[in-house]
K.L.:
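Sharing a structure, written as structure tokens. Questions coming.
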Amino acid sequence: MGATTMAKALNAALADALADDDRVLVFGEDVGRLGGVFRITDGLQARFGDKRCFDTPLAEAGIVGFAVGLAMSGLRPVVEMQFDAFAYPAFEQIASHVAKLRNRTRGALSVPMVIRVPYAGGIGGVEHHCDSSEAYYAHTPGLKVVTPATVADAYSLLREAIADPDPVVFMEPKKLYFSSAEADLPARTEPFGRAVVRRPGRDATLVAYGPAVPVALEAAEAARDEGWDLEVVDVRTIVPFDDATVAASVRRTGRCVVISEAQGFAGVGAEIAARVQERCFHALHAPVLRVSGLDIPYPAPMLEHTHLPGVDRVLDTVARLQWDDQPDPRWVAA
Amino acid sequence: MGATTMAKALNAALADALADDDRVLVFGEDVGRLGGVFRITDGLQARFGDKRCFDTPLAEAGIVGFAVGLAMSGLRPVVEMQFDAFAYPAFEQIASHVAKLRNRTRGALSVPMVIRVPYAGGIGGVEHHCDSSEAYYAHTPGLKVVTPATVADAYSLLREAIADPDPVVFMEPKKLYFSSAEADLPARTEPFGRAVVRRPGRDATLVAYGPAVPVALEAAEAARDEGWDLEVVDVRTIVPFDDATVAASVRRTGRCVVISEAQGFAGVGAEIAARVQERCFHALHAPVLRVSGLDIPYPAPMLEHTHLPGVDRVLDTVARLQWDDQPDPRWVAA
Amino acid sequence: MTTTPQAVRRASPRTRPAAKKAAKAAKAPAPEPATDPSAVLLPQAEPVRLIEADGTPLPARADYPEPPVEALRELYRRMVVGRRFDTQATALTKQGRLAVYPSSRGQEACQVGGVLAVRDTDWVFPTYRESMALVSRGIDPVEVLTLLRGDWHCGYDPTAVHTAPQCTPLATQCVHAAGLAYGETHQGRDTVALVYIGDGATSEGDFHEGVNFAAVFKAPVVYFVQNNKYAISVPLSRQTAAPSLAYKGVGYGVPSEQVDGNDPVAVLAVLTRAVAHARAGHGPFLVEAHTYRMEPHTNADDATRYRDGAEVDTWRDRDPIARLEAYLRARGALDDAAVAAVAEEAEAYAADLRQRMNAQPEVHPLSLFDHVYAEPTPQLVEQREMVRAELAAAAEEDGH
Amino acid sequence: MTTTPQAVRRASPRTRPAAKKAAKAAKAPAPEPATDPSAVLLPQAEPVRLIEADGTPLPARADYPEPPVEALRELYRRMVVGRRFDTQATALTKQGRLAVYPSSRGQEACQVGGVLAVRDTDWVFPTYRESMALVSRGIDPVEVLTLLRGDWHCGYDPTAVHTAPQCTPLATQCVHAAGLAYGETHQGRDTVALVYIGDGATSEGDFHEGVNFAAVFKAPVVYFVQNNKYAISVPLSRQTAAPSLAYKGVGYGVPSEQVDGNDPVAVLAVLTRAVAHARAGHGPFLVEAHTYRMEPHTNADDATRYRDGAEVDTWRDRDPIARLEAYLRARGALDDAAVAAVAEEAEAYAADLRQRMNAQPEVHPLSLFDHVYAEPTPQLVEQREMVRAELAAAAEEDGH
Ligand SMILES: Cc1ncc(C[n+]2csc(CCOP(=O)(O)OP(=O)(O)O)c2C)c(N)n1
Ligand SMILES: Cc1ncc(C[n+]2csc(CCOP(=O)(O)OP(=O)(O)O)c2C)c(N)n1
Ligand SMILES: [Mg+2]
Ligand SMILES: [Mg+2]
């Protein structure tokens, strides 16, 4: 047991997967000698050689399409998209092939692969480096979409993603890369499809994933001062989604706020809110509310804190959960 | 006044826009001599010349990026993506430039353009020709997303889209192209941002858009036999969304079903359901339910009717709106 | 970065020793690589042609030795059967048995030539237009037509027949082939990937990325552009301002050639060399075949809107089957009996197909949930339950 | 479809009459097109070079006449100021005034040469690396650095300075430039678009689609590839197997040239001709400049991980500024006083920038909602209200 970072845990997961399975290949832009711009692939080329970990031409559709071909030949590609918005050139390959090949061929051809996407903001990145793009993938049937919020999950979920028979879009919250925690690697945590209660509470449930999980935990901590005992659920795998854990929590607490860093409109937060009220309607004392990024292009570094859902915005929203059983005045008329 | 089709109305809108404004250019794949695979641009090249309506190389990022440049030079491009899934190669251009250029430049550079996307299924198309891709655009701030369900709206919304100062993704429900209706062209209907009650009713609200609107109307008709008087709201413009009209309807009826043809997970239907319960919680007698396509890749023609939300599925869902004020048994435990 | 002009100018066939070696090796089934990649990048200025449109042989050439006569007889046989298949498929659209069919009539030399140039263990990456190539490769025609009949997407098992699903998103297969071929090499196998692609699709970014990946990773891929002059209605002049599509190779450091795509002998010769080049570890090769799509884009298309009959007629005179037949007859490699036998085989093939396509395929609504993931998600299990209940209710109603 | 080999082989400068004409026209500010597009596609095998690394002039050549000496003095001046700006910007990252800065040190000949080759009314399409080019173009350096300081994305008004926002999504600007240039032509203006792009970015599909669109629509675009040998850490050998990136032009039917990117005289000469070619209506032109990125990718990068100091040292000896200075001094076009004056100007420029960047920029949270659409949607109005309330609450708290 020792303190380590999410970046190191991801690196260890890649190294262990490369060591355990000859079929695993790690490639992308700058993942070789440089070890990736976030150093997630640091040392892998030196240790496993440049046939197992290598740089490619600068072309994301090329990288993902190449991975499709490698998977067809029986290999297990793990590719890195350098930043969220730079995965968009690969969107056709992802939506029309990666997501569909198993289905198109009645299961005869599967293309297990992991597409690693460092995503979201909070690191002062300039434009196009901070998009929250998980909803695009989550809305595309055939993809699994996973996002760790803890160091141990980073290791465990990435190992599981690499071993999974289906393509996994593995969304890595950049701002958590260098957050450190005690973790005993190789760690194995809950499997895909399981959400986890990170903090128990009785008064309301905060549902969060990826970069929003630490915000939820911090807000829950702060809420104690206001007399609220909040439960925090970490979604972990967006697809498949763990309805059971989320609904059980909300049925217990009777109130729910969904927190996501992404712009809200038609995002994963909307899906979670819609599911929760569908499934827990009679247990709810208030509507399921959402806290999300604003519906604007990701702002410049000096303005990002206004955009990002922070503790205050979460607490403001919790305050609107109709504790007095009165309708929200903001929405009586609109 | 005479019967016309949505395809003809769209064609007339393009022709009138070309005639009214020299800056308007129509281009894409096969839009010239062929008049488009759906004949939406039929006759435009003959009438306006091949400088105003022309074919391009076969490259969708190229088409959209070219439109960006043309807009920068002061022109008004209207481009056709041949089918929904074939707009994916342009995703980076759309998400990282079209949607953002006004914002990136503090409004100094705007790129008004219309990206026409024939979308959704119901026409027996083979794979990759039937995707419902509206959520990808609706989730991208900076884009307006519009989808007509009537012949008159097709004309009016397309004219408005071409005149709009912002980029508009104009989603055309393929299966409605050749549905005909009485319409007096040039028609002007409600502006962007206004949903319309297509059928008044007292018992529950069906919210639908694009290809789902006729399904909703048919279901409402059929529901009379079961003793339900259903209201149908046509969303028309997904972005900007008309909260006022939708919420007012649901507050009146107390029940709501959202119908979209797209796969449901993290789609526009989820957004609408989330918004409605946020805004109408105390008026609701039942959770807001969703009817959508299945969360699967669009199926082969012989199986598409199982995938598509039809009248029966809508009625089954309406039946689950807890008319006896009892919780839904399916979701008591899950 | 500094290269002499020779590096990009094609050496004349007369003076290139490698070509001479190739000529000697021509009788072997899998000739040794005929090219020195650093010396040959640009295509020859004129498409390679080995027999005239009327079947008259042209002078033999060292760079592209003529394939063995048995191979040409087999080519002929498959082209005739292939065309009959194609005609039958078009007929099936009229009977409503196929949702849509993109014919490759007129492109028989390319369709079959490609298939004959590779081994069964090689991989073929077809587009929607390659139904003929696929049946030529021996894939069950009913499985080939599954996509177009509409009971499922891909009807065959790609891993069993080493053939990717027919690809509709244009040019995307260019990258898959690079990955597959590189992956095979990585695992010590000498598989070659043959990519079919149309003229229009070369304008897509994925063509660029695919050929470039193959070049950088020296992946054994042959990119085979069937330039049939149209992308649906859009003529070649709207796709490129280059002298020919084969000239794209040099930008990737990939040797290229152009060939008369209606000369079956030349197509097979050029592709055979291209495949040998790739298999020998010299990296990808790009071939452009000049051919023509005799039919509309698909049965649903109206080609009279964008091209005139005179143009089509010109190409009718360059029919690849008649051309090869004339040539083989003149060589004494084909006689009336053999022609009749092939025609009969083709008829039998078509009759069998017709009959098998008459049966309405069984489709199982619940199978929609089977192959989205290896195991359905809880969400899909829920949705499957919903559909199961709907089907049960419908069955009950039908029962009453 | 059938083209003689001459069509793709570059005629020798000695024998090409068009080039002779160009030589005569060289004194005119906007020379007539020097190229016959159908006769010239491939670049010359060696990068064009007009002066040696030590400034010694090479023999004059007819195809690329030397730019007028006043232009070279201006080039020198802007390169010196540009480098000083660049050094200052790097220093500003250390003081925390800039979030990040991608230096173009070593690429001064390209940065400034491009800007001098076009008119103010022409459009420039820069990447994130072109800060130096933009200040050279006369754009306020504080506005140029806005993106990297992080108070907004693009700091200048693109329409006022005919310069697109610095482009980060690689190669996407290639298509914008084709559209802009075609749109200008369509409206009867003779604007040329100059695209800056890196070596790595030529691997992206949008490079392919952009150059091809420009070629098919004969749009007046000059694609200017600064091949600085690295894409972050990835060396050129992982981007291409081609003889050089300039060879990509032929695949689009676009004439191309390669130039020594550290020879300021050659860069200006080649780009001047390329721009003239485009302006004359002959369509796009592709130029590859061989240069070197002296600094890490950005200040945040650690270049020692992937390249050694010896390589960097080699390029230190090819410094473009020293090279031009030596040449101009030898020609008597520059003396100590002039050099000192330019150095002083550069210092003043840097001091002014330093001082202006010291001020913390004002940012307005509510402005986040101003430019998403021409008018905010009801959804944004609601969200703006929320933020306004949050700000009011925070201000109140601060007040107590
Ligand atoms: C990415 C993409 N864009 C558009 C289409 C629609 N489409 C199908 S075939 C076709 C023309 C293709 O022409 P070409 O590549 O020349 O092949 P051919 O059909 O002539 O064999 C088009 C535009 C598509 N399938 N994929
Ligand atoms: C589409 C896309 N993918 C990846 C990146 C991340 N990225 C930024 S710069 C860069 C290297 C670019 O190299 P090159 O084109 O040679 O230009 P240079 O930086 O050397 O000027 C990369 C990979 C990006 N900005 N856009
Ligand atoms: Mg074609
Ligand atoms: Mg570079």
K.L.:
Can you find a pair of side-chain heavy atoms, one from A:P89 and one from D:D206, that are under 4.5 Å apart?
P.N.:
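With C-beta onward as the side chain, the pair stays apart.
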
K.L.:
Could you walk me through whether A:R33 and D:R307 satisfy the side-chain contact (heavy atoms from CB on, under 4.5 Å) test, starting with their C-alpha distance in whole Å, then the side-chain angles of each, then the deciding distance to 0.1 Å, before giving a yes or no?
P.N.:
CA-CA 9 Å; A:R33 278 179 88 168; D:R307 67 184 189 187; over 6 Å; no

K.L.:
Can you say whether D:Q166 sits under 4.5 Å from chain A via the side chain, the backbone, both, or neither, judging by heavy atoms?
P.N.:
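Contact with chain A involves the backbone of D:Q166 alone.
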
K.L.:
As a quick check of understanding, evaluate side-chain contact (heavy atoms from CB on, under 4.5 Å) for D:L170 and A:F86, giving each step before the final call.
P.N.:
CA-CA 9 Å; D:L170 294 166; A:F86 307 145; over 6 Å; no

K.L.:
Please flag which part of D:D302 lies under 4.5 Å from any non-hydrogen atom of chain A: side chain, backbone, both or neither.
P.N.:
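Both backbone and side chain.
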
K.L.:
Is it the backbone or the side chain of D:A394 that comes under 4.5 Å from a heavy atom of chain A, or both, or neither?
P.N.:
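Neither the backbone nor the side chain of D:A394 comes within 4.5 Å of chain A.
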
K.L.:
If you count heavy-atom pairs under 4.5 Å between each of A:A61, A:G32, A:G264, A:A59 and chain D, which one has the most?
P.N.:
A:A59

K.L.:
Of the backbone (N, CA, C, O) and the side chain (C-beta and beyond), which part of A:D55 lies under 4.5 Å from a heavy atom of chain D, both, or neither?
P.N.:
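For A:D55, heavy atoms of backbone and side chain both lie under 4.5 Å from chain D.
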
K.L.:
Mind listing the closest non-hydrogen atom pair of D:G150 and A:A300 along with its distance?
P.N.:
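That closest heavy-atom pairing would be O-CB, 3.3 Å.
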
K.L.:
Which atoms of D:I232 come close to chain A, meaning under 4.5 Å heavy atom to heavy atom: side chain ones, backbone ones, both, or neither?
P.N.:
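For D:I232, the contact with chain A is made by backbone and side chain together.
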
K.L.:
Can you confirm whether more than 12 heavy atoms, excluding those of D:E375, are under 6.0 Å from its CD atom?
P.N.:
no

K.L.:
Between D:R238 and A:D50 (salt bridge meaning N to carboxylate O under 4.0 Å), is one present in this structure?
P.N.:
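So D:R238 does not pair with A:D50 through a salt bridge.
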
K.L.:
Please classify the contact of A:Q82 with chain D as side chain, backbone, both or neither, using a heavy-atom distance under 4.5 Å.
P.N.:
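The side chain, not the backbone.
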
K.L.:
Quick one: what part of D:L368 sits under 4.5 Å from any heavy atom of chain A, side chain, backbone, both or neither?
P.N.:
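When you check distances to chain A, atoms from both the backbone and side chain of D:L368 fall under 4.5 Å.
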
K.L.:
Please say whether more than 12 non-hydrogen atoms of neighbouring residues, nucleotides or ligands are located less than 6.0 Å from NZ in A:K8.
P.N.:
no

K.L.:
Please classify the contact between D:R384 and chain A as side chain, backbone, both or neither, with a heavy-atom cut-off of under 4.5 Å.
P.N.:
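No part of D:R384 comes within 4.5 Å of chain A.
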
K.L.:
Distance from A:E127 atom CD to D:Y128 atom OH, nearest 0.5 Å?
P.N.:
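Spacing of CD (A:E127) from OH (D:Y128) equals 13.0 Å.
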
K.L.:
Check whether D:Q383 reaches the backbone of A:D295 with its side chain - one donor and one acceptor, N or O, closer than 3.5 Å.
P.N.:
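Between the backbone of A:D295 and the side chain of D:Q383 there is a qualifying donor-acceptor contact (under 3.5 Å).
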
K.L.:
Has D:E362 got more than 12 heavy atoms of other residues, nucleotides or ligands less than 6.0 Å from its CD?
P.N.:
no

K.L.:
Roughly how far, to the nearest 0.5 Å, is the OG1 atom of D:T146 from the CE atom of A:M302?
P.N.:
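One finds 9.5 Å between CE of A:M302 and OG1 of D:T146.
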
K.L.:
What's the separation between atom OH in A:Y88 and atom OG1 in D:T172, rounded to the nearest 0.5 Å?
P.N.:
13.5 Å

K.L.:
Are A:D42 and D:R305 close enough that some pair of their side-chain heavy atoms sits under 4.5 Å apart?
P.N.:
yes

K.L.:
Sort D:H371 into side chain, backbone, both or neither according to what part of it lies under 4.5 angstrom from a heavy atom of chain A.
P.N.:
neither

K.L.:
Check the pair D:E390, A:T306 against side-chain contact (heavy atoms from CB on, under 4.5 Å), reporting the backbone distance first and the verdict last.
P.N.:
CA-CA 10 Å; D:E390 289 174 357; A:T306 304; 5.7 Å; no

K.L.:
D:V387 versus chain A, heavy atoms under 4.5 Å apart: side chain, backbone, both or neither?
P.N.:
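Only the side chain of D:V387 comes within 4.5 Å of chain A.
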
K.L.:
Measure distances from A:E304 to the heavy atoms of chain D and classify the residue's part below 4.5 Å as side chain, backbone, both or neither.
P.N.:
neither

K.L.:
Identify which of D:A231, D:P169, D:A99 forms the greatest number of heavy-atom pairs closer than 4.5 Å to chain A.
P.N.:
D:P169

K.L.:
Please give me the minimum heavy-atom distance between D:G200 and A:L58, naming the atom from each residue.
P.N.:
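In this case the closest contact between D:G200 and A:L58 is O-CB, 3.4 Å.
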
K.L.:
Find the distance between OH (D:Y306) and CG (A:D30) and round it off to the nearest 0.5 Å.
P.N.:
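Rounded to the nearest 0.5 Å, the OH-CG separation comes to 8.0 Å.
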
K.L.:
Please evaluate residues D:M386 and A:D316 with respect to the criterion side-chain contact (heavy atoms from CB on, under 4.5 Å), reporting the C-alpha separation (whole Å), side-chain torsions for both, the decisive distance (0.1 Å), and the verdict.
P.N.:
CA-CA 10 Å; D:M386 175 186 74; A:D316 286 353; over 6 Å; no

K.L.:
Please classify the contact of A:H305 with chain D as side chain, backbone, both or neither, using a heavy-atom distance under 4.5 Å.
P.N.:
neither

K.L.:
Mind checking the CG-CG spacing from A:L34 to D:D301? Nearest 0.5 Å is all I need.
P.N.:
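One gets 6.0 Å once the value is rounded to the nearest 0.5 Å.
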
K.L.:
Of all of A:E60, A:E29, A:H307, which one pairs up most often with chain D through heavy atoms under 4.5 Å apart?
P.N.:
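It is A:E60.
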
K.L.:
To the nearest 0.5 Å, what is the distance between NE2 (A:H128) and SG (D:C167)?
P.N.:
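The distance works out to 6.5 Å.
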
